[in-house]
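Counting convention: from 1, in listed order, for ligands and their atoms alike.
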Amino acid sequence: MKAFGYERAASPADAAAAARRPGTRFIAGGTNLLDLMKLEIETPAHLIDVNGLALDTIDKTGDGGLRIGALVRNTDLAADARVRRDYPLLARALLAGASGQLRNRATTAGNLLQRTRCPYFYDTDQPCNKRLPGSGCGALEGYSRQLAVIGGSRHCIATHPSDMAVAMRALDAVVETVKPDGSERRIPLAEFYLAPGSSPQRETVLEPGELIVAVALPPPVGGRQLYRKVRDRASYAFALVSVAAIVHEDGRGRIAVGGVAHQPWRREAAEAELPRGAKAVAARLFDGATPTDDNRFKLTLAERTIAAVLVEAQEVRA
Ligand SMILES: Cc1cc2nc3c(=O)[nH]c(=O)nc-3n(C[C@H](O)[C@H](O)[C@H](O)COP(=O)(O)OP(=O)(O)OC[C@H]3O[C@@H](n4cnc5c(N)ncnc54)[C@H](O)[C@@H]3O)c2cc1C
Ligand code: SF4
């Protein structure tokens, strides 16, 4: 691991201001960043530890929603009584991720910003435009079973690995930040992740030094909420495909899919097809997909997972 400086921030504004320095990264649970530093995939010159900041509460908002502090641990978020009652989709997605020990450390902001699990990204002997811009993409001509079927580019077809983000996308979450100049902004999760295009190393709209302080959930939308994750083994594995669904009595609803793109994949036009069933939804959702021979199966798997979730939603109601 490369040597780095370390400091603890006293306030969110101080953390963001200190992160103005080039080569600075925030560290929260460290469950992703430290692994990447050990492999020298990430080599920050300076770390700002945000764990001491008072960003670890879940508060009711004036409009009846919830504001989740950036440092709320995944375990605490999944166990929160209001989340379990009003946003069960989120609790289910969180519990489908990682392991108990990891969830005890992992934070809300860190989870959103965890990096891809593309095997070429982790193998520093291989070309990877995301790790080393301009070096090429090992996955495009190589092994791409786990990678994106839609939204990618000829420079990168990595997927975003978070389960939590898929549920938050279905729930229309909004990311709240503070920038190094002290200004604040609110970014809908729908606009948070960037398509890889020709610069896959840039993954979100966050500016250098911009600190996530919270994630806001709008008021509860009700409906039957389900999260189904399909993976190579029953636990401790990332999704091949996951489906977050909110299904209402009248057949309306929301669907977001994980494991298929650089971000949780949701298209409102596909949701309009819900009364017609999974085939119609999947056709709209994956219109324009560009799968590889290795991962074409994900399109069928996603359609079948959506079908299974819709059946489950009806069974529970019956
Ligand atoms: C073996 C293993 C299995 C896993 N399985 C799953 C799984 O099945 N599903 C899943 O969803 N996840 C899984 N994970 C990933 C895990 O959920 C993430 O590592 C974790 O959520 C990251 O949170 P953290 O707080 O530890 O982030 P850190 O590692 O501390 O940080 C991650 C990134 O976020 C940045 N950051 C942190 N906080 C802030 C902030 N407030 N503002 C701006 N930037 C910030 C850091 O600079 C860094 O770039 C797995 C991880 C491991 C190691
Ligand atoms: S898909 Fe993206 S992360 Fe994977 S090797 Fe290609 S450029 Fe790197």
> Backbone N or O of Tyr143 within a donor-acceptor pair of the Tyr120 side chain at under 3.5 Å?
Replying inline: yes
> Short question: side chain of Tyr87, backbone of Gln225 - any donor-acceptor pair under 3.5 Å?
Replying inline: no
> When only distance counts, is Glu42 in polar contact with ligand 1, meaning an N/O pair under 3.5 Å?
Replying inline: no
Side chain or backbone of [X] under 4.0 Å from ligand 1, or both, or neither, by non-hydrogen atoms?
| X | answer |
| --- | --- |
| Arg117 | side chain |
| Ser99 | neither |
| Pro161 | backbone |

> Counting from 1, what ligand 2 atoms have a heavy atom of Gly138 closer than 4.0 Å?
Replying inline: 5 (S)
> What protein N/O/S atoms sit under 2.8 Å from atom 2 (Fe) of ligand 2, by chain and number?
Replying inline: Cys156 SG
> Where the closest heavy atom to atom 9 (N) of ligand 1 is concerned, which of Val178, Leu53, Asp163 has it?
Replying inline: Asp163
> Would you call Arg231 and Asp163 a salt bridge, taking side-chain N to carboxylate O under 4.0 Å as the test?
Replying inline: no
> Run the salt bridge (Lys or Arg N to Asp or Glu O under 4.0 Å) check on Asp287 and Arg267 step by step: do they pass?
Replying inline: CA-CA 10 Å; Asp287 187 23; Arg267 281 180 171 170; 5.2 Å; no
> Is Leu102 in contact with ligand 1, taking contact as a heavy-atom separation below 4.0 Å?
Replying inline: yes
